[in-house]
Participant: 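Got a structure for you, questions after.
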Amino acid sequence: MSKVIDDNVQKIDVVVLGAGPAGVAAATIASEHGADVAIIDENISGGGQIYRAPPKEYETHDSFKSPESYEGDRQRNYLSNSKVKTYFNYRVWSISQELVVSTISANGLKSWRPKALILANGALERIIPFPGWTLPGVMGLAACTILLKSQFVLPGRSTVVAGCGPLLMSVAYAIVKAGGNVSAIVDLSSKSEWVRVFPKMLSRPDLLLQGMKWLWKLKNEGIKIYNGYTVTKSEKDNDRLAITIAPFNHSGVNTDPKFQKLVEGECLAIGHGLIPSTEITRLLKAKHKYDLLKGGWVPVIDDEFRTSIPNVFIAGDASGISGAFSAVHKGRIAGLSALRDLNMISLKESKHKINNERNLLNKTENFGQAAAYLMRSRPELIKTITAETIVCRCEDVFRAEIDETIVSGAVDMNQLKAWTRCGMGPCQGRTCADSIEAILTSVVGSRELAGQWTGRAPLRPIPIEQIIGDYSYSDIPIPESAPL
Amino acid sequence: MENYLNNKDDLRVAGNNVTRNSYVTVTIDGCEIQAPAGEILAVTLFVNGYRTLKYSPRIKEPRGFFCLMGSCQECVVLVDETITPACQKLVQEGIIVKTIKI
């Protein structure tokens, strides 16, 4: 059996996982220096979520294009003109200790064994639960962005946009631009928080100006913006959602429990920031540390983006949230480090080039860090998770059950999982891990004590008949009987 | 405000800004539906009013798509009898889609 699999494993210099800005940068720089590189992504083309391409069958008028769509086209062209081998629509479902990367696609199973593995698998959206967050019509801000910018579809005839960070204004503006209605913007960040990050945002006057333009347009449309508010409940009211909001201060404490306000919309688009995706680094048992301003748990890296696992590098938001512009430089540094470790570039050249990229990264990170600050985890927000709120959507686990289990003596994340089934469903805990860690942390005192769920394969659910392929009963090797 | 909508019930942005060149026919829960070639299946379901795609395992509450990027698994449906996240699948001529009723 193991021989059958080994024959199909392709040896290669570098595999890059994720074809967003970081992955494209890492793959192309490695390829330009002579490395044989494959880039794998489960989406149909490059660009990641931020530069996601519209369907190639659609024609979009230039007036409907954004700076991001041009940058996405530029990166996709750059990748397709390079020597990097691209594998789109390939889903990675396992990575072994020997770094054998196993994928599944319409063409069946395919595996690689790279000398260096660069992870550029991006981020997940943090959405802190509240009663009614599981209703159809409630979606993530990232989902809403995909609908608007890559599908040209409105999330509803009216939408409440809620949460925190720059995605709020970006989504609200995209809805208005597409001719839709925004019934309210509910921003957890107070005006003073925005003022606090203003100096860092000045590092990118172009983006700051774009943001101001969005804000002006939204105010001009008469859209009410609630700063320092959060959603505490969402209820179905015929074909609309009745959404209760309440004032919360900057550490997430409800400042006036008596004051509530009702807003409504057909859709509620909500997001509380981005979390670096750690499913692969956990699977590989890399060292992690919790860093609030990087979005949560991040792999421990050296200053050239090497993880604690030999020959595994990380780039982009997966190494800490700092945005698409930083991701390019992080990707190039990771690519150069991989080249150096494969001895495909001299020490002098790699140092020189990495230094250049680091200077550029320092500049772009200012803006990214301002955004990451606005999107940071607010520990007190877990108060919106009432006892009757479902925390783990896949397994319908309620907050009350999590609390009872902690009272009964569960002291880490894996115990909570074993006792309640939270995080055991098809999403593998990607949706609820951060909220459940926050709940447990409020009792045990720190994220380090709460720990993380053990990474497990398969990374995505895959039908078993697809893994088996055309392997049949008769292919099972029968060992010769031992002599009696 | 320019009206980019074909009609008030159509959430697909249209007008002169986006042209959907070709259409395919898919069958959703027994109904034949036209959808623009290239559209994500989860989006086709959404704009046609299929908001509930499955029910949760324990308390059986309705669920629809949530993350739209292959992470949350809330939008899984049967496509030609294979369980598939609808957000990771593009519409294709002739596919038979069933939402999950249990």
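Just so it is clear, the structure is predicted and the values come from calculations on it, not from any experiment. Only heavy atoms go into these numbers, but all of them, side chains included; no hydrogens, no water, no symmetry mates. Chain letters run A, B, ... following the sequence lines, proteins first, then strands; residues in each count from 1.
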Participant: Counting heavy-atom pairs under 4.5 Å to chain B, which of A/G425, A/S150, A/C394 comes out on top?
Facilitator: A/C394

Participant: Heavy-atom distance under 4.5 Å between the side chains of B/R58 and A/E395, does that happen here?
Facilitator: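 Contact flag for B/R58/A/E395 side chains = no.
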
Participant: Let me know if B/K89 has heavy atoms under 4.5 Å from chain A in its side chain, its backbone, both or neither.
Facilitator: neither

Participant: Quick check: do B/Q88 and A/R91 have side-chain heavy atoms less than 4.5 Å from each other?
Facilitator: yes

Participant: Side-chain atoms of residues 131-147 of chain A: list all donor-acceptor pairs with protein atoms under 3.5 Å, sequence neighbours left out, distances to 0.1 Å.
Facilitator:
| from | atom 1 | to | atom 2 | distance (Å) |
| --- | --- | --- | --- | --- |
| A/W133 | NE1 | A/I390 | O | 2.7 |
| A/T134 | OG1 | B/E61 | OE2 | 2.5 |
| A/T145 | OG1 | A/L141 | O | 2.8 |

Participant: Tell me the closest heavy-atom pair linking B/S56 and A/D396, and the distance in Å.
Facilitator: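 That closest heavy-atom pairing would be OG-OD2, 2.7 Å.
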
Participant: With only heavy atoms counted, which part of B/T84 is less than 4.5 Å from chain A, the side chain, the backbone, both or neither?
Facilitator: neither

Participant: Please give me the minimum heavy-atom distance between B/F46 and A/V153, naming the atom from each residue.
Facilitator: CD2-CG1, 4.5 Å

Participant: Do any of residues 428-435 of chain A have a heavy atom less than 4.5 Å from a heavy atom of chain B, and if so, which, in residue order?
Facilitator: A/R430, A/T431

Participant: Does any backbone or side-chain atom of B/L53 lie under 4.5 Å from a heavy atom of chain A? Answer side chain, backbone, both or neither.
Facilitator: neither

Participant: Between A/I127 and chain B, which part of the residue has a heavy atom less than 4.5 Å away: side chain, backbone, both or neither?
Facilitator: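 Contact with chain B is through the side chain of A/I127 alone.
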
Participant: Taking all non-hydrogen atoms of both residues, which atom of A/Q151 and which atom of B/I40 are closest, and how far apart?
Facilitator: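 Smallest interatomic distance, heavy atoms only, reads OE1-N, 3.0 Å.
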
Participant: Quick one: what part of A/R393 sits under 4.5 Å from any heavy atom of chain B, side chain, backbone, both or neither?
Facilitator: both

Participant: In residues 48-59 of chain A, what donor-acceptor pairs under 3.5 Å come from side-chain atoms, sequence neighbours left out?
Facilitator:
| from | atom 1 | to | atom 2 | distance (Å) |
| --- | --- | --- | --- | --- |
| A/Q49 | OE1 | A/R52 | NH1 | 2.9 |
| A/E59 | OE2 | B/N21 | ND2 | 3.1 |

Participant: Of the backbone (N, CA, C, O) and the side chain (C-beta and beyond), which part of A/P426 lies under 4.5 Å from a heavy atom of chain B, both, or neither?
Facilitator: both

Participant: Do any of residues 63-78 of chain B come closer than 4.5 Å to chain A, heavy atom to heavy atom, and if so which ones, in number order?
Facilitator: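 Residues B/R63, B/G64, B/F65, B/F66, B/C67, B/L68, B/M69, B/G70, B/S71, B/C72, B/Q73, B/E74 are the ones that qualify, each having a heavy atom under 4.5 Å from chain A.
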
Participant: What part of A/L148 lies closer than 4.5 angstrom to a heavy atom of chain B: side chain, backbone, both or neither?
Facilitator: neither

